[in-house]
Amino acid sequence: MLSSALRSMRTRWVTLVGSFVALALGVGLIAMTGLALAATFDAPRRAPERFAAAPVVVAPSDTLRVATPGGERTAKLAVPRPVPASLVTGLAGLGRTAEDRTFRVDLSGDAAVGHPWSIAAATPYRLVAGRAPGAEGEVAVTASAGRGPRPGDRVRVTAPGIPAGTGVRTVVGVVADAGFEKAVFFGDAEAARIHPAVDAVAVHGDADAVRTLAARVPGMRVLTGDDRRRADPDPDRDSEALTAVNAMLGTAAGITGFVSVFVVASTFSFAVAQRRREFGLLRTAGATPGQVRRAVVAEALVIGVVASAAGCLLGKAGAPLLAGRLVDEGFAPAWFAVGDATWPLHTAFWTGLCVALAGVAVASRRAGRVRPVEALREAAVEEGGVPTSRVLTGTAVLLTGLALLGWSLLTDPGDVLKRKTYILQPMWITVGFALLAPLLVRPLTRLLTWLPARLPGATGMLARQNASAAVRRTAAVAAPVLITVALAGSLPGTVATLAEAKATEARAAFSRADYVAGGDGPLDPRFVQRVRNIPGTVTSASRSTGVAVLEEGTALVSSEARAADPAALAATARLPLVAGSLSGLDDDSIVVNEEWATRTVGRSVDVWLGDGSKASLRIAAVMRTGTGSNGVYVTPANAAGAAVDRVDVTLRDGADATAVRALLEAAGRDTGTRVLTRDAWVAAHHSSTGGTTRAGMLLILGIALLYTGIALANTLVMATSDRVRDLAVLRLAGATHAQVLRLVGAEALMVVAVGAVLGAAVAGLNLLGVKGALELLSVSSPVVVPWTALGVVLTACAVLAAVSAVLPALAALRTRPVETAGARE
């Protein structure tokens, strides 16, 4: 049967092109993303950057370590302690030292980092022009390729600790850009005045002696060799970026496999339905059902092998381009590149082959069941219903998806809002609807075409009857549209709905605040003081910190925390409390959320504060979980080392709003602090999705739309080639070329509408699940429908379908109708 299958494929190569292209592209995408994924597993170990020239670095530990019966548990400290002055003095006795102070500055509108000049000798920074800063008002700045300030230029530098009106500085030196930060160097005395805390000490002395001395001070670490990179700015940025890239590419690869199975299965199923008479002739000639099945499987095997091999070559060529694009867009580090791993190619090849065989499995069984007489007598109109096995399978998958959604809503609504859940869970419902599509398309088609069929002319009536009669063709075209619309509505819609829910929570929490400043880093103390002195206002100056709690004796769980004065907090915020009251918050208590294992008001809980110190605090109140953004609240006494980074301002009754606004804006101008209204601040901090999330959504939708285009083009080309005689009969009945083409185009658009309605139903169910989870979490936020994404997807599907149907029909109409209608099959 293999030789027979090969000869048959040579005569029907047009109908197989779509399956080949879909499978090759699917394998290519899996191989490409797999090769990029392999490069994310192991980040190269960076050499020390900031302290590359320092033999020993003493810096505060940024890791909390807690011993448990199950071993040591660690968590990131929110506010590491600075190096104490006594240790700095002791280290100076062991050799030459340089004190590092790191603080945020604004350099002529650009974010930068300030340092004392003495630490430059321990770093890769070297003067390329001018001299070192020394006197008050002098700075050295980084520049690259001749761009940026030059010696003698005057620049505006603002930072907490720089007096108002004295922000203009003279650039006396320029250092080469090191690539990991934009630095501004001050004289040592001025840097110490701006930022008194010592963040690290570079020591030119014996490492063992330094360790002995530093061991006397808890929370200090001594770094030598490659470990010095732990004192670099954001030393884990590479691994964090690669984790995000890994998640994005992994999701894209999964969606590729998911969609490709449906496209290939739909294509083979439709192709088998078209060849029933051919199979009947084979059966009449003596072929057994098993031989017919093996012939169909042999075709799939040949296509699978060739397409998978082509896809691997395509993926290998495209992987470096993908890696380069990820770097250019800022999703991956600059060093990111595809390595020499080969397992992604093997995985992609065998995945493609399995997809081809799985896609043809059901179709081959249907082909083997064709009876000679049944096939030879079959009319052009399809007979019979949807196979019972498909109905049962589709129903089971759909009910499973709905049951999983319902179980999550009943047991853990917050799980529905997690990225992994809202990406994977909709697949169950999508698969269920796709399997049941042949059962749904006929009644839905007749419903959608009820009005067009009653309009003047025969186009609407004929389109309705043709689409209703050819259920397999309609379902084959509607299925990829269903999947694409479902993904376009579910994924971006869920992300946008969650973003809106977080914004809604923030607006509710800030409902008593009229103005908000900060939220992106420490604020200038002078700004905070001036705002506190504005008459007619209540000001809550809060600090960002963190706490950790040991749950069940084994899990060290970290939570974001905010430290604020309880009275001011109550006047400016409306926290979503479910138990207790803010009036009970003091230096010996804490406000937690429902995610905490211990959440009984009045009960004490042992916690580790942001600087690593341990405290036993009484639970004063409990907040609801919400979308997960409700953290923990403590008083400033339990946030040692944390600077004020946000100020909420509420106007008192009778206050002059215009005067207050003017004073706030003046304080902001003088200290380089941005002051926003409550709604503007919420919009700036909660209304958009991250770049990686947006890129991942676009990648997924792009893959789905690509496959939809292939499926539409392939199925409609196959269907049109099978309807050549029907079109000729229409011409002989008096229809013009334009009327026939309008009929074909109308049918294609109508089937796209059917798929769009089914996809919208899937998206609606998924978004309603998200809405239900939010309501159960007491977050009243509207569902955000991604109309733009849906519009783009539907427009693309409609154009692809119309073009794919009209062009083959136009080519078929070139032959005289009499010759076509009189030709033997």
Side-chain angles (χ1 to χ4, degrees), residues 244 409 413-419 421-423 488-521 523 540 542 544 559-562 564 569-578 591 593-595 623-633 645-651 673-698 763-764 766-790:
L409 291 175
D415 186 61
V416 179
L417 310 183
K418 295 178 181 177
R419 184 175 183 272
T421 302
Y422 70 68
I423 287 179
S490 298
L491 299 185
T494 300
V495 171
T497 299
L498 292 181
E500 179 61 28
K502 291 180 182 294
T504 300
E505 278 191 313
R507 279 191 291 269
F510 294 139
S511 60
R512 294 176 177 170
D514 295 295
Y515 297 96
V516 182
D520 299 314
L523 293 177
S540 175
S542 60
S544 178
S559 297
E560 294 181 357
R562 185 151 290 277
L569 179 63
T572 57
R574 193 188 302 273
L575 301 185
L577 300 180
V578 295
V591 176
N593 58 62
E594 290 178 313
E595 292 182 318
M623 294 182 293
R624 66 169 180 249
T625 303
T627 61
S629 299
N630 296 328
V632 172
Y633 282 85
D645 62 354
R646 199 181 80 204
V647 171
D648 305 335
V649 180
T650 298
L651 274 65
T673 305
R674 190 181 181 192
V675 181
L676 299 173
T677 63
R678 177 195 61 224
D679 292 339
W681 190 91
V682 171
H685 288 78
H686 293 278
S687 62
S688 61
T689 58
T692 302
T693 301
R694 188 183 303 108
M697 295 297 105
L698 292 176
N766 290 320
L767 291 178
L768 285 177
V770 174
K771 173 65 174 177
L774 291 173
E775 291 293 338
L776 290 172
L777 294 170
S778 301
V779 181
S780 297
S781 178
V783 171
V784 179
V785 179
W787 295 114
T788 301
L790 288 172

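- Leu569 contributes atom CG, which lies 6.0 Å from atom OH of Tyr633 (distance to the nearest 0.5 angstrom).
- Note that OH of Tyr515 is 15.0 Å distant from OG1 of Thr572, once rounded to the nearest 0.5 Å.
- Under the salt bridge (charged side-chain N to carboxylate O under 4.0 Å, His left out) criterion, Glu560 pairs with no residue at all, not counting sequence neighbours.
- When the shell of 6.0 Å around CZ of Arg512 is examined, it contains more than 12 heavy atoms from other residues, nucleotides or ligands.
- Across Asp514 and Leu651, no two heavy atoms sit closer than the pair OD2-N, 2.8 Å.
- A distance of 10.5 Å separates CD in Glu505 from OG in Ser780, rounded to the nearest 0.5 Å.
- With rounding to the nearest 0.5 Å, the separation of CD in Glu595 from CE in Met623 is 10.0 Å.
- Heavy atoms only, all atoms of each residue included: Gly769 and Leu409 are closest at O-CD2, 3.5 Å.
- Contact record, Asn766 with Ser490: ND2-OG, 2.9 Å, taken as the closest heavy-atom pair.
- Between the side chains of Arg624 and Ser778, no donor N or O sits under 3.5 Å from an acceptor N or O.
- Contact annotation: the side chain of Leu774 approaches that of Thr497 to within less than 4.5 Å [non-hydrogen atoms, C-beta and beyond].
- When atom types are taken as modelled, the side chain of Arg678 and the backbone of Ser511 share a donor-acceptor pair closer than 3.5 angstrom.
- Rounded to the nearest 0.5 angstrom, Lys502 NZ and Glu500 CD are separated by 12.5 Å.
- Looking at heavy atoms from C-beta onward, Val770 lies out of side-chain contact with Val783 at the 4.5 angstrom threshold.
- Scanning both residues, Asn593 and Gly631, for their nearest heavy atoms gives ND2-O, 3.0 Å.
- Taking each heavy atom of Ala513 and Thr650 in turn, the nearest pair found is CA-OG1, 3.4 Å.
- Remark: Arg646 engages Asp648 in a salt bridge (charged side-chain N to carboxylate O under 4.0 Å, His left out) (not counting sequence neighbours).
- Looking at Glu594, its side chain does come within 3.5 Å of a backbone N or O of Thr625 through a donor-acceptor pair.
- In this structure, the separation between CG on Leu767 and CG on Leu491 is 9.5 Å, given to the nearest 0.5 Å.
- Residue Ser540 comes nearest to Ala564 through the heavy atom pair OG-CB, 4.1 Å, listed as atom of the first residue, atom of the second, then distance.
- Every salt bridge (charged side-chain N to carboxylate O under 4.0 Å, His left out) that Arg562 has, sequence neighbours left out, goes to Asp645.
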